[in-house]
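Down below is the structure, laid out as structure tokens.
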Amino acid sequence: MKPSQQVEKVLEHIKKCSPGQNEFYQAVNEVLFSLLPLLNEDSRYLEYNILQRIVVPERTVIFKVNWLNDKGKIETNLGYRVQFNSTLGPYKGGLRFHPSVNLGIVKFLGFEQIFKNALTDLGIGGGKGGSNFDPKGKSENEIMKFCQAFMLELYRHIGKDTDIPAGDIGVGSKEIGYLYGQYRKITNKFDGVLTGKGVNWGGSKARKEATGYGSVYFAENYLNANDDSLQNKICTVSGSGNVAIYTIEKLYYFGAKPVACSDSRGTIYHKKGIDLTTLKAIKEITRQSLEVYAEIHHDAIYIPVNKYPKGGHAVWHIPCDIAFPSATQNELTLTDVKALYKNGCKLINEGANMPTTPDAIDFIKEKGILFSPGKAANAGGVATSQLEMSQNASMQRWTFAEVDIKLHQIMRNIFDIVYDTSIEFDCKGDLMVGANIAGFKRVADSMIEQGSI
Ligand code: NDP
């Protein structure tokens, strides 16, 4: 059977046994088809049934989370931890708290995480977890109660040498604090079981900034490889959470001008450049809507979500040189990418996981727009989480600058391996193919070496 037929067969099987898990199917579809240049050249991966094996998580835990709301009523949510692949090291990947979380979302994120972590070359396997709990509109007390109830079950499945969760959408340093406090209380242990911890109690400096900074380092490397740079580039960034804020911060450092960002309710367009102090105050401290930004800066325009163009998102219809999708999956559609192209956008650099829809990716490739895939461009967060694990294990504390220098170097290495792999397989500049093949090869070769387990 030809490699392309094998790929079709695996996808068919996934469709049958994972019904309704559309995002998971989308992620697997993208990875497997982009592996064809490798599969055509090296028959070992098919001989050892690696494709069939790699798409199945090693372990999936789904559990009930009962917690007490402020009215004294018991609420119930679902919790998930998908331990996808531990060939290269302990499972590592974030926890997402968002009402849209379901098994398909957690599996897509866990699957992507395998290859992302492999690209960092830091000895970490892939996993992901979360809950359909919605932190929006909940009191501090309710968020703490939920985190404690969630950890009451999760603690038995994780460990500093087996599975080390971190944050993701809806899980920032505050939630990690509540989760860690409960873990410590239950187990009577102080160890590095979570990353993204507070810097006073085992967290790494620069972890908070790492995904956004890393995304910008990746973009700069990519532009340099094309005899260009971020200097004086107009940028748009979606989202206004952890990744978006530190992307904007680092863009200023490189002399670029970020003019737009968004949240689930609307978009801000500030032609003279997003004011970072205001953005941080609104989003990191008081967690308000971006509408407040326009109340403070009268020269900024606020576009509410219901004014978005049909099938698209306002933030991508603002003229820019470089777009940084940094909010969530499938947020950059064909309609959006057509607008970006029309407005002269040169590079789309994914800060979020799988933010670009498959038809939008096809259009990007057809038009030759530079494209940095998330599993490479946003790997700075997990890489710095691994640096946090190293510091915990060796009882060391590195300075912000030390961590940032290491992050910078890791992003350079990731860019190099992804770019070089794209050239090796005759897809020069197709970093999606380069990232998928390079990540897959590290994991698959190790799976073969470790035998059938
Ligand atoms: P945050 O929760 O800090 O921020 C998410 C932002 O995206 C918020 O501004 C939120 O709006 C917005 N958003 C979420 N869902 C939607 C939606 N459906 N439509 C429009 N806007 C939306 O998350 P992070 O910044 O940590 O994560 C962003 C992305 O980056 C995710 O894809 C995540 O998986 C990925 N990522 C994160 C890493 C990390 O280290 N944090 C590491 C690697 C990848 P609102 O404020 O209204 O909720």
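Every number for a ligand or one of its atoms is a count from 1 in the order of the listing. These numbers come from the heavy atoms of this one structure, side chains and all, not from hydrogens, waters or symmetry mates. A quick note: this is a predicted structure, and the numbers were derived from the prediction, not measured.
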Non-hydrogen atoms of Gly172 versus ligand 1: any pair closer than 4.0 Å?
no
Nearest non-hydrogen contact to atom 13 (N) of ligand 1 from the set Ala244, Ala327, Gly266 belongs to Ala327
Non-hydrogen atoms of His313 versus ligand 1: any pair closer than 4.0 Å?
no
Please work out, at 4.0 Å between heavy atoms, whether the side chain, the backbone, both, or neither of Lys136 comes within that distance of ligand 1.
side chain
Close approach of Gly170 to ligand 1, heavy atoms, under 4.0 angstrom
yes
Heavy atoms only: which of Val382, Leu290, Asn353 lies closest to atom 44 (C) of ligand 1?
Asn353
Part of Ser326 with heavy atoms under 4.0 Å of ligand 1, whether side chain, backbone, both or neither:
backbone
Give a yes/no verdict on a cation-pi contact between Lys205 and Phe400, requiring under 6.0 Å between NZ or CZ and the six-membered ring centre and an angle within 45° of the axis.
no
Return the option from Ala166, Pro135, Ser264 holding the heavy atom at the smallest distance from atom 45 (P) of ligand 1.
Ser264
Side chain, backbone, both or neither: the part of Arg207 lying under 4.0 Å from ligand 1 by heavy atom:
side chain
Residue set satisfying side chain to side chain donor-acceptor pair (under 3.5 Å) with Arg59, at least two apart, ordered chain then number -> Gln83
Taking only non-hydrogen atoms of Arg96, do any sit less than 4.0 angstrom from ligand 1?
yes
Spell out, as yes or no, whether a donor-acceptor pair under 3.5 Å connects the side chain of Glu350 to the backbone of Gly374.
yes
Knowing that exactly one of Lys257, Lys233, Lys346 qualifies, which makes a salt bridge (charged side-chain N to carboxylate O under 4.0 Å, His left out) with Asp321?
Lys346
